[in-house]
Amino acid sequence: MDEGRRTVLFQLVSEKGISSHAHFSEEYNRAANDLERKGFDVAPPPGARQYARLLAFGGVKTAPFRPTAIVLERLFGKPVTELLQAAEEPPSQRTPRRTPSPSMPTESDLLMTARDAADHSGEAAALRVDELTLDQLHDDLNRLSREYGCRAPAEVYHEANSLLQHAQRTLERTRSPEQLTRLYYAAGQASSLLAAVSFDLGALAPAVSFARTAVQYGKTIGHGPLQAYAYGMLSFMAFWDGRPSESVRLARIAQGFGGLGSTARRRLYAIEARAHGHLRDDAEASRCIVAALEETGGRRDELHDDVAGEFAFDEARTAMSNATTSLLLRDGVAAEEFATTALTLLSSRPTAEIPLIVSGPAAVDLARARLMRNEVEGAQEALEQVFQVPPGHRASGMMERLTAARMELTRPDFRGAAAAVALADQIEEFSALSPARRLGAQSALAIES
């Protein structure tokens with residue numbers, strides 16, 4: 001082997017005294033076993049022929065796959081790309097040389113290149129995961145998405161985070177295009193759930209980051225509904241963060257993705273309506289409310305309709321969102337009508353299946369609509385079911401509405417009214433135990449008065 005064609009890897013195995021394939025394999029297996037105990041996916045040591053090529057600069061045309069590379073990097077403390085570079089010659093052996101002209105490849109060179117290509121394709125074909133693993137990941141994510149509204153956000157966070165990490169690890173174990181598509185979709189779905197749960201816990205910055213991550217996963221596989229959902233989350237969080245004009249822009253980008261069903265479009269119109277409500281643009285807000293209500297076609301998409309759950313946006317959720325928009329426009333009559341519709345639709349479901357992230361906000365909106373016409377007792381009645389919500393389920397969407405209801409009670413009309421003071425105190429006590437309050441979250445915009 002010519003001195004100038006030896007790799008850094010050759011230099012390092014020589015220094016360690018493990019240049020023979022047997023000794024190298026023994027050290028490789030030690031490092032691999034240590035990594036496997038820590039949860040990493042690793043590959044067996046390279047065969048003797050592949051090992052010889054790794055020691056020759058230019059001996060392999062592509063770097064080893066990640067399960068092999070991670071062991072080499074642990075064993076030698078250098079990136080695999082650096083290990084395959086040419087080893088630097090000692091100064092005493094360096095002589096000026098002119099760059100030679102490329103030589104004609106021999107039949108032996110061509111045969112070696114062909115064998116390398118065959119080895120690489122064989123390794124790629126072998127890098128597939130069991131389809132049952134993907135099916136289980138798919139089922140777990142769909143179940144979590146459907147349970148979201150009835151479970152405490154903190155519980156959902158831990159499970160969604162575990163599923164995201166599982167999807168990311170599995171991505172390193174396959175080169176099948178079809179499996180990669182399924183896994184990127186799973187990672188995007190898990191990231192979307194983490195965006196929603198982070199917002200519900202009052203952590204806006206992580207929520208934005210997870211939503212952007214979901215956008216990127218959706219972009220990687222050209223999945224319109226996944227990107228649209230994530231952009232809708234970004235739009236929602238923009239007006240909550242005090243940037244309603246940016247919210248309108250993001251909602252309209254979301255509406256432009258292909259493959260969206262009627263549910264997805266209904267959701268995006270409702271979000272845009274809220275953004276216009278924060279801008280006090282009555283005409284545009286009303287237009288979007290009508291558009292959301294009229295989006296009743298039978299077009300479906302995999303995420304919003306087949307997975308559904310957190311990704312769904314049914315009539316009850318639409319009515320709840322429209323009630324909030326009506327409150328922003330100071331239209332108490334419409335707000336009460338929409339909130340009552342949402343609660344009526346939800347009441348037909350079994351108690352265990354009523355999503356608190358919808359019923360809670362709808363009840364608070366109903367209370368606030370009644371406060372707008374000075375009905376403290378009616379507001380108290382509407383809030384009775386809200387005050388029964390356990391602390392772990394008191395998501396930020398519910399809490400921001402309660403903050404707005406609390407502000408209604410400070411109007412001069414209620415000054416000195418014992419019932420108003422008692423209700424305000426009850427709201428304060430209830431809010432103090434919410435996850436968002438314990439995380440120190442503050443709403444920059446909330447529901448404006």
Side-chain angles (χ1 to χ4, degrees), residues 1-21 23-91 93-94 97 99-100 102-103 105 109-129 165 167-177 179-180 183-184 187 213 216-217 220:
M1 186 186 301
D2 181 68
E3 182 75 23
R5 291 182 59 81
R6 292 176 176 175
T7 60
V8 172
L9 178 62
F10 175 88
Q11 187 179 59
L12 292 175
V13 295
S14 298
E15 291 173 358
K16 285 177 172 282
I18 57 170
S19 56
S20 72
H21 181 253
H23 288 154
F24 164 79
S25 297
E26 186 178 341
E27 292 298 315
Y28 179 101
N29 283 327
R30 285 197 187 98
N33 291 337
D34 181 56
L35 286 167
E36 196 166 30
R37 282 193 297 271
K38 295 178 180 177
F40 292 93
D41 295 310
V42 297
R49 189 176 68 175
Q50 182 69 5
Y51 174 60
R53 290 174 179 169
L54 291 172
L55 300 182
F57 177 61
V60 293
K61 306 304 179 186
T62 59
F65 284 115
R66 190 63 185 159
T68 299
I70 194 173
V71 182
L72 294 174
E73 291 171 352
R74 168 60 66 87
L75 188 54
F76 298 104
K78 295 179 182 294
V80 72
T81 52
E82 184 177 337
L83 292 174
L84 298 180
Q85 294 298 309
E88 186 176 347
E89 295 178 357
Q93 297 181 13
R94 295 178 189 163
R97 65 182 72 176
T99 304
S103 59
D109 290 333
L110 294 172
L111 184 57
M112 179 175 286
T113 301
R115 285 173 177 167
D116 281 344
D119 287 346
H120 186 270
S121 66
E123 187 178 353
L127 281 173
R128 286 180 60 90
V129 297
Q165 292 181 22
Q168 291 170 333
R169 287 194 305 269
T170 310
L171 278 165
E172 297 291 339
R173 296 169 49 203
T174 181
R175 290 296 180 271
S176 162
Q179 290 191 336
L180 288 172
L183 286 165
Y184 279 122
T213 298
Q216 291 302 319
Y217 282 130
T220 299

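Both backbone and side-chain heavy atoms feed into the values below; hydrogens, waters and symmetry mates do not.
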Do Ile18 and Glu26 have side chains that approach each other closer than 4.5 Å (heavy atoms only, starting at C-beta)?
no
Can you name the residues that form a salt bridge (Lys or Arg N to Asp or Glu O under 4.0 Å) with Glu82, not counting sequence neighbours?
Lys78
Nearest heavy atoms of Gln168 and Tyr217, plus distance in Å
NE2-OH, 3.1 Å
By salt bridge (Lys or Arg N to Asp or Glu O under 4.0 Å) - contacts of Lys16 (at least two apart)
none
Rounded to the nearest 0.5 Å, how far does CD1 of Ile70 lie from CZ of Phe65?
15.0 Å
Nearest 0.5 Å please: distance from the CG atom of Asn29 over to the CG atom of Asp34.
12.5 Å
Between Leu54 and Phe10, is any pair of side-chain heavy atoms under 4.5 Å apart?
no
Minimum heavy-atom separation for Gly17 and His23, please, with both atom names.
O-ND1, 4.1 Å
Return the OG to CG distance between Ser176 and Leu183, rounded to the nearest 0.5 Å.
9.0 Å
Taking the side chain as everything from C-beta on, heavy atoms only, tell me whether Arg66 gets closer than 4.5 Å to Val80.
no
Rounded distance (nearest 0.5 Å) linking atom CD of Gln179 with atom CG of Leu171:
10.0 Å
Would you compute the distance between atom CZ of Arg128 and atom CG of Leu180 and round it to the nearest 0.5 angstrom?
9.5 Å
Would you name the heavy atoms of Pro64 and Leu84 that are closest together and state the gap between them?
CD-CD1, 3.9 Å
Minimal heavy-atom distance between Tyr28 and Thr68, with the atoms involved, is OH-CA, 3.6 Å
Side chain to side chain contact (heavy atoms under 4.5 Å, CB included), that's the test. Do Arg30 and Leu75 meet it? Break it down for me.
CA-CA 9 Å; Arg30 285 197 187 98; Leu75 188 54; over 6 Å; no
Please name all residues satisfying ring pair (Phe, Tyr, Trp, His ring centres under 6.0 Å) with Tyr51, sequence neighbours left out, ordered by chain then number.
His21, Phe24
Close side-chain approach of Val71 and Pro45, heavy atoms under 4.5 Å:
no
Should Thr7 and Leu83 count as side-chain neighbours, where that means a heavy-atom distance under 4.5 Å?
no
Hey, could you give me the CG/NZ distance between Asn33 and Lys38, rounded to the nearest 0.5 Å?
12.0 Å
